[in-house]
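Below, all heavy atoms of this structure are taken into account, side chains as well, without hydrogens, waters or symmetry copies. For clarity, every value in this text was computed on a predicted model and none was experimentally measured.
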Amino acid sequence: MSQISVNDLSFCYDGSYDMVFEHVSFQMDTDWKLGFTGRNGCGKTTFLNLLMGKYPYEGTISGPANFDYFPFEVTDPRAPAGDIVSGICPDAQEWQVSRELNLLEVPPEVLWRPFETLSNGEQTKVLLAALFLKADHFLLLDEPTNHLDARARDTVAGYLRRK
């Protein structure tokens with residue numbers, strides 16, 4: 001059990017006078033499964049980016065956790081989906097990838113197709129499978145059900161509940 005500690009966090013974007021966070025402090029256990037909800041523009045994605053160290057801020061964010069942010073950036077969408085997965089989680093075995101894809105109701109043949117030819121839903125599911133194949137990381141999921149139809153959202157919701 002590890003703790004992520006946020007102490008006196010303050011942040012605003014360059015050129016803005018409006019604070020996104022002002023003197024915020026709390027702790028999270030890395031074993032917890034948490035969700036941030038709120039209206040658009042209230043700072044949910046900004047907070048995840050602060051955890052990832054993408055922006056300078058005042059205060060401290062500390063913890064032993066390795067963070068992984070979803071969705072992953074795909075630098076070469078022409079590459080086969082399997083290569084994308086291997087780049088994200090190089091230690092994953094083929095059977096593990098197949099198992100995760102099966103749980104997400106994605107046929108394993110998608111791994112041989114160029115990533116850009118997959119539907120948005122297939123891309124999302126392939127990246128989710130890769131995310132959950134990474135061990136010992138604190139996972140940050142940002143809107144994982146975007147681009148999914150109702151059936152796919154149910155599938156992903158069930159998958160995430162099992163995780």
Side-chain angles (χ1 to χ4, degrees), residues 2 4 6 9 11 13 20-21 24 26 28-55 57 61 63 65-163:
S2 300
I4 297 168
V6 176
L9 174 67
F11 174 79
Y13 285 101
V20 179
F21 300 106
V24 175
F26 60 92
M28 300 181 293
D29 189 300
T30 56
D31 290 335
W32 295 350
K33 293 167 178 61
L34 302 171
F36 292 114
T37 60
R39 61 179 170 69
N40 288 343
C42 70
K44 300 179 299 289
T45 297
T46 299
F47 179 67
L48 297 180
N49 282 313
L50 290 171
L51 286 174
M52 295 289 295
K54 290 190 176 184
Y55 304 128
Y57 55 86
I61 299 174
N66 297 315
F67 296 107
D68 274 315
Y69 180 84
F70 176 90
F72 292 103
E73 181 180 341
V74 176
T75 56
D76 184 8
R78 294 176 307 231
D83 290 355
I84 302 295
V85 171
S86 294
I88 293 168
C89 48
D91 296 330
Q93 301 295 313
E94 187 175 334
W95 68 268
Q96 294 170 308
V97 175
S98 293
R99 178 195 63 210
E100 296 303 311
L101 290 176
N102 183 56
L103 292 171
L104 286 161
E105 300 178 2
V106 176
E109 302 83 54
V110 302
L111 295 173
W112 290 275
R113 291 178 34 207
F115 188 79
E116 68 186 359
T117 66
L118 305 181
S119 71
N120 286 333
E122 289 171 325
Q123 289 178 2
T124 295
K125 290 176 179 181
V126 165
L127 294 178
L128 276 173
L131 177 71
F132 280 97
L133 287 167
K134 298 185 79 146
D136 301 322
H137 287 235
F138 190 79
L139 308 179
L140 307 171
L141 283 74
D142 194 5
E143 302 187 23
T145 59
N146 279 1
H147 311 297
L148 299 179
D149 61 24
R151 185 175 184 285
R153 284 178 189 220
D154 288 342
T155 300
V156 168
Y159 179 78
L160 293 175
R161 272 193 298 277
R162 288 189 298 272
K163 297 299 181 179

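The ring pair (Phe, Tyr, Trp, His ring centres under 6.0 Å) check on Tyr55 picks up Phe11, Tyr13, with sequence neighbours excluded. Judged as a salt bridge (Lys or Arg N to Asp or Glu O under 4.0 Å), and not counting sequence neighbours, Lys44 has no contacts. Under the side-chain contact (heavy atoms from CB on, under 4.5 Å) criterion, Asn120 pairs with Gln123, His147, not counting sequence neighbours. Scanning for salt bridge (Lys or Arg N to Asp or Glu O under 4.0 Å) contacts around Asp149 gives an empty result, with sequence neighbours left out. In terms of the side-chain contact (heavy atoms from CB on, under 4.5 Å) criterion, residue partners of Val156 (sequence neighbours excluded) are, by chain and number, Leu104, Lys125, Leu128, Thr145, Leu148, Leu160. When the salt bridge (Lys or Arg N to Asp or Glu O under 4.0 Å) test is applied to Lys54, no partner is found at least two apart in sequence or on another chain. With sequence neighbours left out, the side chain to side chain donor-acceptor pair (under 3.5 Å) criterion links Thr155 to Glu105. Listed by chain and residue number, Ala157 satisfy the side-chain contact (heavy atoms from CB on, under 4.5 Å) test with Arg161 (two or more places apart in sequence, or in another chain). Residues forming a salt bridge (Lys or Arg N to Asp or Glu O under 4.0 Å) with Arg113 (at least two apart in sequence, or on another chain): Glu122. Residues that satisfy the ring pair (Phe, Tyr, Trp, His ring centres under 6.0 Å) test with Phe132, not counting sequence neighbours, are Tyr159.
Going from atom CG of Leu133 over to atom CD of Glu100 covers 5.0 Å, rounded to the nearest 0.5 Å. Taking CD1 of Ile61 as the reference point, atom CG of Leu9 lies at 5.0 Å (rounded to 0.5 Å). In this structure, Leu51 CG and Thr46 OG1 are separated by 11.0 Å, a value rounded to the nearest 0.5 Å.
Of all the heavy atoms in Ala129 and Leu101, the pair that sits closest is CB-CD2, 3.9 Å. Shown here for Ile84 and Ala79, the closest heavy-atom pair between the two residues is CD1-CB, 4.0 Å. Val110 and Ala81 make their closest contact through O-CB, 3.4 Å (heavy atoms, listed as atom of the first residue, atom of the second, distance).
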Original post:
When you look at Asn146 and Thr124, which way does the side-chain contact (heavy atoms from CB on, under 4.5 Å) test go after all the steps?
Top reply: CA-CA 8 Å; Asn146 279 1; Thr124 295; over 6 Å; no
Subject >> Test side-chain contact (heavy atoms from CB on, under 4.5 Å) applied to Trp32 and Ile4, step by step >> reply: CA-CA 11 Å; Trp32 295 350; Ile4 297 168; over 6 Å; no
List the atom pairs, with distances to 0.1 Å, where a side-chain N or O of residues 69-78 and a protein N or O form a donor-acceptor pair under 3.5 Å, not counting sequence neighbours.
residue	atom	partner	partner atom	Å
Tyr69	OH	Asp142	OD2	2.5
Asp76	OD1	Arg78	N	3.2

Please output the side-chain donor-acceptor pairs of residues 86-99 that fall under 3.5 Å, not counting sequence neighbours, one pair per line with the distance.
residue	atom	partner	partner atom	Å
Ser86	OG	Gly82	O	3.1
Gln96	OE1	Gln93	N	2.7
Ser98	OG	Glu94	O	3.2

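Under the 4.5 Å side-chain criterion, counting only non-hydrogen atoms from C-beta, Leu141 is in contact with Leu131.
Proximity of a side-chain donor or acceptor of Thr30 to a complementary backbone N or O of Ser2 within less than 3.5 Å is detected.
The ring-ring contact (aromatic ring centres under 6.0 Å, His included) with Phe47 is formed by just one residue from the set Tyr57, Phe26, Phe67; it is Phe26.
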